[in-house]
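Structure first, commentary second.
Each chain gets a letter, A, B and so on, in the order the sequences are listed, and its residues count up from 1.
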Amino acid sequence: MTTVALKPATMAQALGRALRDAMAEDPAVHVLGEDVGTLGGVFRITDGLAAEFGEDRCTDTPLAEAGILGTAVGMAMYGLRPVVEMQFDAFGYPALEQLFSHVAKMRNRTRGALPLPITVRVPYGGGIGGVEHHSDSSEAYYMATPGLHVVTPATVADAYGLLRASIASDDPVVFLEPKRLYWSKESWNPDGPQPVEPLGRAVVRRTGRSATLVTYGPSVPVCLEAAEAARAEGWDLEVVDLRSLVPFDDETVCASVRRTGRAVVVHESTGFGGPGGEIAARVTERCFHHLEAPVLRVAGFDIPYPPPMLERHHLPGVDRILDAVARLQWEAER
Amino acid sequence: MTTVALKPATMAQALGRALRDAMAEDPAVHVLGEDVGTLGGVFRITDGLAAEFGEDRCTDTPLAEAGILGTAVGMAMYGLRPVVEMQFDAFGYPALEQLFSHVAKMRNRTRGALPLPITVRVPYGGGIGGVEHHSDSSEAYYMATPGLHVVTPATVADAYGLLRASIASDDPVVFLEPKRLYWSKESWNPDGPQPVEPLGRAVVRRTGRSATLVTYGPSVPVCLEAAEAARAEGWDLEVVDLRSLVPFDDETVCASVRRTGRAVVVHESTGFGGPGGEIAARVTERCFHHLEAPVLRVAGFDIPYPPPMLERHHLPGVDRILDAVARLQWEAER
Amino acid sequence: MTVMEQRDAHRPVPPPAWQPRTDPAPLLPDALPHRVLGTGAAAGADPALLRRLYAELVRGRRYNAQATALTKQGRLAVYPSSTGQEACEVAAALVLEERDWLFPSYRDTLAAVARGLDPVQALTLLRGDWHTGYDPREHRVAPLSTPLATQLPHAVGLAHAARLKGDDVVALALVGDGGTSEGDFHEALNFAAVWRAPVVFLVQNNGFAISVPLARQTAAPSLAHKAVGYGMPGRLVDGNDAAAVHEVLAEAVAHARAGGGPTLVEAVTYRMDAHTNADDDRRYRESSEVEAWRAHDPILLLERELTARGLLDEDGMRAVREEAEEMAADLRERMNQDPELDPGELFAHVYAEPTPQLLEQRAQLRAELDAEADHHAPEGTAR
Amino acid sequence: MTVMEQRDAHRPVPPPAWQPRTDPAPLLPDALPHRVLGTGAAAGADPALLRRLYAELVRGRRYNAQATALTKQGRLAVYPSSTGQEACEVAAALVLEERDWLFPSYRDTLAAVARGLDPVQALTLLRGDWHTGYDPREHRVAPLSTPLATQLPHAVGLAHAARLKGDDVVALALVGDGGTSEGDFHEALNFAAVWRAPVVFLVQNNGFAISVPLARQTAAPSLAHKAVGYGMPGRLVDGNDAAAVHEVLAEAVAHARAGGGPTLVEAVTYRMDAHTNADDDRRYRESSEVEAWRAHDPILLLERELTARGLLDEDGMRAVREEAEEMAADLRERMNQDPELDPGELFAHVYAEPTPQLLEQRAQLRAELDAEADHHAPEGTAR
Ligand SMILES: Cc1ncc(C[n+]2csc(CCOP(=O)(O)OP(=O)(O)O)c2C)c(N)n1
Ligand SMILES: Cc1ncc(C[n+]2csc(CCOP(=O)(O)OP(=O)(O)O)c2C)c(N)n1
Ligand SMILES: [Mg+2]
Ligand SMILES: [Mg+2]
C-alpha cells in the first residue's frame, strides 16, 4: 500500500484543481464566464487558468448569461467541451431558455448526433450573508428538465471528483457548487484525486439504524452535525449524500430507508415545489411498507430568500432537523 | 329562482370573455403580448379586444418576452394591471429571469409597498400535434418560485372564473391555459359568469369511494374518463381538480384522500421533478395513516416533449391511469 | 502580468484623451438597399452563378408550394413557407463552402435543401416524426431553430470554436425581422464582434412577425443600422434580388474568413404566403400589399435579367421547371409514405446512456404497447 | 379595419419605393464626449445649479467614503462605491422633477440619496436588514436592481404607463457599461423607442464590469452608438463633468417630456474604488491607471470652474465640507444601531395574504424561537 499524503484543502481549491487538470488533459476543455480570466472568478475558482492556458481557453465573456451559454452550445457543436461559470445562482436565470430549450434537448433533438458536453457551474445556496439574488437555490428548475444531469458535491474530494466526471460527461451537467462550503477545509490528497465514476451514485456519509437523512450539497454537513447531536436523544441517524439529483440513485436511498424505516429529506431550497417533494414521493412509492412514518421534509421556507440578517431563520439547522426526526412517530416503535 | 340560459361555449371563448369583461370593468387592465392586437392572438383568445379597447389597451409588442414581462412590471408599478400573453409555454422561458427575480419578489422586496398585479397567461401542454417547443408543461418551474400564484382551469366556467379572479388578484398569477382544451365545448351561462373567489380552492369533479385521482388542467377530462371506465373494474374513483397549484388546497385534497385511502396524481408534465412529487409528498405527510397504498403518479415520461407522431405514447391516458389504480394494493383490501 | 499584457490596448482614459474605438462611418449601411438585377450592375456577375441561382429559385418556389400542399393533405404538421423569400434562402445556401455552417430558423428549410439536404430529411421537424431529420455535423446545417434568435449565439460559438482550432470555417445564421427584438440577437451580435468571430448574420426582413409589421418591431432607420452598436459593418440589400444578396453575403463571408469578423446583413423582402398554413393573413394585411410585391418577385427579377442578356430562353426555363417538378413529385411521393417510428426511441437519446428510470419507463411503455397489441389482435391469434 | 387603419403608415414596400424609417444622422453621437467645465461653455450654466451640484458632489464623495468604512465595521454586508462617478449620480438625481421616477442599479444608492432619500433607508439592501428600505412609490425611486439591466424594461413600462394615463412623468434609468451587454438592455431600448416612451437611459461607462474592461464588453465605437439601432438619439458625455452630464440629461428629459421619446446617454467616467469592498482591483488594473484619472476628478473639475469664476471660496468649500461631515456623522451613528427585526415578517409580504402553508411555517418558526428563548432564558425565569 502506498502512503497517501493528506493535506488540508478547501472545496474552492479542489474545484480549481479539477478545472486545471481537465484543461491540461483535454485541449477541448474551455472555461468561459464573467470575470473568470484575469480575476479568477469572484470566488477565485478559476484563478490561474487564464495565466496557464491563455485567454482563449479561459475567457472573460461579455456580461450576458444567455450569450455565454448560447455560445457554449455552438462551441460544443464544434467539438469543444465548454465549462461555463454562472457568477451566482440567480444570475443564471437569463440563460434558462438556452438551458431548457437547447442544452437539455439537443442530443434528443438530433437522435444522438449532436451531444452537448457542457458543464454549467452554478454557485448556489445561502448562508454567506449575501444580499438579495445572491443566495438562491434553483435545483428544482434543473431537476424538472429532462436532458440535464444535476450534480452537487458536499465534500472537498467530491468537489474534485464530481467536477472531473461532469466535465468528462458527454451530456450537459448543471454542476451546483454550495457556495458556503467553498472555504470549508478538509484533509485531501492533492496528488492523486480521482473523478467520481459513474455520475449518479449517492453515498452513505454516516451509517445509522434509526432513520435516514436524505440530503445533498450544503445541507450534508448540517445533517452530519444533526446526526451527532441526535445521539443524545438516542437516535442513530444514517446520512445519505445524494451527490447527483439527476440521475437519482433510487437504489442507495431506498436501501437505506428500507433498513431504517424512517426518513427525513433535508435541503435549503424552498420546501414547496423543491427537490424534497420528488425525493419523498419516490422513496414512498418504493418503500411504502417499510415506512413507520411518512417521509418528512426539512427545507427552506416557501419564501424568497431572506436578507442576510434573517437568513439563519430560513436555513434548515440542526434543531429543525431534530424536530422533524422527533415527529417520525417513534411512539409506534415496536 | 331565475332560469339560466346555458349555451355551448369553448374555453377559448370564455377566456376571451373574461379578458373583455375585466377590461370593461377596470381601465387599469391592459393586455400585451405578441400578436394579441390585430390578429387576436395565435389562439384568438384576445380577438376583438384591440378593436374594442384600442391598441393602447391591447398592444402588439415587439417580439421579446423578457421585454414584455419586464415592461409589464413597470406598468404595474405605476398602478396598471397588465395581462401578459406568452405565445406558447416554451416561449415564456426568455422571461423567466424577470419572473423569478422580479415579478415573484417585488412585493416581498418592498415590504408590501409595491405589489405587482400581473397575470401571465401561458398556453401549456401538448396533445395538439405541435412541433418541438410548442407543447411544454412548465408548471414545476413556477411552483418552485415563492411569490407566484399558479392557476389552471379545466372547464369552460373555470376558465372564465379563474381568469377573472387572477386578473383581480393583487398578486402575480401564472395562468396556465391547457391549450388542447381551448376548443372543447361545454354548456355555459354567458350572461352571468362569475369570478372564482378566492383563488386556491380545489374542487371535487366527481365523487367516489375507492380512490382519489388528484389532477388539474388538461388531465382533468382524462381522469373523468378514466373514472367512468373504472366502473367496469368495480372502482368508484373520486376526481379532484386542483385549479390552483399555488396556493395548494391541502384541505380539499386531504379530505378526499382520507376518505378513499388511496390516491393517484395525474399530470402531463414530466414525472421526475414535476408537480406530482410535491403533491404526493404533502398528501402522504398529512394522510399517512389513512393510506392503504403509496400515492402513485401518472405523468409524462422523463423525456423532452415528443414529436407529434409520438406524443400519444407520452400523454397520460385512461389505460395508464387505470394501470396505476390497479397498482394501489387492492389485495390488502379488508 | 502576462494575461493583462495580452489585453487590448483600449484602457479607460479620461475624456481629454478619449478616442472612439472604431470609426463608425464604414459600419453604417447605405440608405437604400443594394441592388444588382436590372441596374446594369449584374454585368460583372458570373453567368453560371446567375443561372444556378435561377434554377434554385424556381426549384425553391416549387418546393414551397409542394410543402404547403402537403399540409393540406395532413402530411406535414405545419409549414412556414418562404415563398417570396427564395432569393435569400438560395443565396444563403450557395454562398457557403462545404466546410461552412448554416444556422437556419424554422422558416429556412429551403436554405437547407438548397445546400443539398434531402427535402424529406429537412422536413422531418414539420412532418412530426422527429425533431431533426438529419445529422447536423454531416451536412453542417444546424437543427432548425424554433425559439427565435436562439440559434444566433450557437452560430457565434461554433464560428469562434472553429477559429480557435485554426479551421477556415464561416457560420451563416438566419433570423427574421421579429427575431431581432429578442435579447439573444443582441447578445449574439455583441459576442461575435468582441470575439471577431467569423460569422455572418442574415436578417430576412419580410415585413412581418406573424401579424406584427416592422413598424411595431423597431423604430430604427433600418435593421442594418443595429450593426454599428456592436462595432460591425451593417449592410442593406434588396432581399428579392438574388444576385445582390449573393454578392453582399459573399463579401461578408470573405470578410469573416479573412479574420475581419462578423457582418450584419439586412435583406428587405416580403413573405408572400401567410405565416404558416395555420395562419390567416387577411386578418392583418391587405391583399393589395401582397399584390404590390408581385412585381418585385425574385424569380421575375432574375428571369428578366437573364432573358435580356440572352442567358436564358424558353427551353432553358422549361428544363428548369421540369427539374423542379421532378423534385416535387419525388417529395410528394416520399412524404406520402408513413414514416416508421419506434416509440422506444423516445427514451434513447435523452442522455448518452438511458438512466435506470428511463429504462423502467421504456419497459412500461413496451408492456402497454404489447397489451394494446394483444387487445387488438384478431381473435384466435396467439402471442 | 379600425385597428389596421390606426397602424403606422410604414407598410412594407419593395426596394424601389423603400425608405429609411428615420434619418440616422441626428441619432448618432459626437465622436468626443460633450464637456462643459473648463471649456468656457459653462458660462451659460446657472450658478445656483453649479453650486448645488458641487455641494452634492462633496456630500456624495463623503457618503461613499462613509459607506465603505461601514463595511469594515461589519455594518454593511457589502458596498459598491460610486467614488469617481459622483457627477453622474448627482446629476441624474437633480435633473428630475419630483413626479419623475429614478431606476437605480445596485451601485446607485448615491443617486437615491441625492434625490432626497434617507441614506439609512437607501442602504437597507446593503446592510442586510431587508431588501428595500423605502417605499418606492413615495419617493419615486425604484428598488435598487441587482440583476443587471433588468430594471431597464421596468423604467420603460412605467414611463409608458404614465404616458398612457396622460401624466407628465419621465423615468430615468441607470445602468453600467457591463449591463449594456445583457439582453434586457436591448429589449428595453427597443420597446422604449417603438412606444416612444418618456424614458432616459444613462449608461455609466466606468471602464469596468468588475474586472472586465470595456474592450472585452463591446467593439462598438461607443456605447452611445447603440442608440441608432433603436431609432433613438445617442449622446456621449464626459461623466466626470457634472455640468455636462446635467445639461445632456436635462435635454434628454425635456425631449422625453415633450413626447420625443427616449434617449441613450453614455457618460464616460471611472470607478476609482474597487468593484465593492469585497473586490481586489489590483488583480486587474494598474494603480497608475487609477492615478491618471485623479486629474480628471469630478469634484476637482467643478471646484476649479467655480473658483475661477468666483462662485466658490474657501469659506464656501468649508461650509460644504462641514455639511457633508454632519451627514456622515449622522449616518455613522444611525448605522451603528442594530435594526429591529421581526423574523415573522419573512412570511408577511410573499403574498397579499399569507397562504395557509405560510401561516403554518410562521407558527413553526415562532415555536422554534420560543423554544430557543426558553432554552436561553436565565434560570428561574418563568415564561
Ligand atoms: C422565443 C420565441 N417567441 C415566440 C415565438 C413564436 N413565433 C414563431 S414565429 C414568430 C414570428 C417571427 O417573426 P420573424 O422573426 O420576423 O420571422 P418570420 O416568421 O417572418 O420568418 C413568433 C412570434 C417563438 N418561436 N420563439
Ligand atoms: C444578470 C446579472 N449577471 C451578473 C451579475 C453579477 N455582477 C454584479 S455587478 C457586475 C458587473 C457590472 O458591471 P457594470 O454593468 O459595468 O456596472 P458597474 O459595476 O461598473 O457599476 C456583475 C457581473 C449580476 N448582478 N446580474
Ligand atoms: Mg418576419
Ligand atoms: Mg462598469
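- Here the closest non-hydrogen pair linking L310(B) and D129(C) is CD1-O, 4.3 Å.
- E233(B) CD: more than 12 foreign heavy atoms inside a 6.0 Å radius.
- Scanning all heavy atoms of the two residues, the minimum distance from F301(B) to Q364(C) falls at CE2-OE1, 4.1 Å.
- To the nearest 0.5 Å, the span separating CD on E311(B) from CG on L346(C) amounts to 11.0 Å.
- Taking H139(C) as the reference, nothing meets the side chain to side chain donor-acceptor pair (under 3.5 Å) condition, with sequence neighbours excluded.
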**Request:** Could you go through the side-chain contact (heavy atoms from CB on, under 4.5 Å) check for L39(B) and D279(C) one step at a time?
**Result:** CA-CA 9 Å; L39(B) 187 65; D279(C) 178 40; 4.0 Å; yes
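- Here the shortest heavy-atom pairing between A77(C) and P308(B) reads CB-CG, 4.4 Å.
- In terms of heavy-atom pairs under 4.5 angstrom with chain C, the leader among R312(B), M309(B), E65(B), H314(B) is M309(B).
- Using a 4.5 Å cut-off between heavy atoms, I210(C) touches chain B through backbone and side chain atoms alike.
- For a residue to count as touching a neighbouring chain, one of its non-hydrogen atoms must lie under 4.5 Å from one of that chain's; by this rule D35(B) touches chain C with backbone and side chain alike.
- Closest approach of G179(C) and L63(B) over heavy atoms only: N-CD1, 4.3 Å.
- How far OG1 of T38(B) is from CZ of R285(C): 13.0 Å, rounded to the nearest 0.5 Å.
- Of all heavy-atom pairs between P343(C) and H313(B), the closest is CG-NE2, 3.5 Å.
- The parts of L125(C) that come within reach of chain B are both its backbone and its side chain, each placing non-hydrogen atoms under 4.5 angstrom from that chain.
- Heavy atoms closer than 4.5 Å to chain B are found nowhere in R362(C), neither backbone nor side chain.
- Heavy atoms of D177(C) lying under 4.5 Å from chain B are absent altogether.
- Ranked by heavy-atom pairs under 4.5 Å with chain B, the first of A278(C), S181(C), G183(C), A149(C) is S181(C).
- Heavy-atom distances place the side chain of F91(B), and not its backbone, under 4.5 Å from chain C.
- Residues D302(B) and L358(C) form a side-chain contact, since some pair of their non-hydrogen atoms from C-beta on lies under 4.5 Å apart.
- With a 4.5 Å cut-off on non-hydrogen atoms, E368(C) touches chain B through its side chain but not through its backbone.
- Of the atoms belonging to L144(C), not a single heavy atom falls under 4.5 Å from chain B.
- Scanning residues 125-135 of chain B against chain C with a 4.5 Å heavy-atom cutoff picks out G129(B), V131(B), E132(B), H133(B), H134(B), ordered by number.
- The shortest side-chain heavy-atom distance between E34(B) and L148(C) does not fall under the 4.5 Å cut-off.
- Between R283(C) and D47(B) there is a salt bridge, since a side-chain N of the basic residue sits under 4.0 Å from a carboxylate O of the acidic one.
- Between I303(B) atom CD1 and H349(C) atom NE2 the span is 11.0 Å, to the nearest 0.5 Å.
- Nearest heavy-atom pair, R216(C) versus P62(B), reported as atom, atom and distance to 0.1 Å: O-CG, 3.5 Å.
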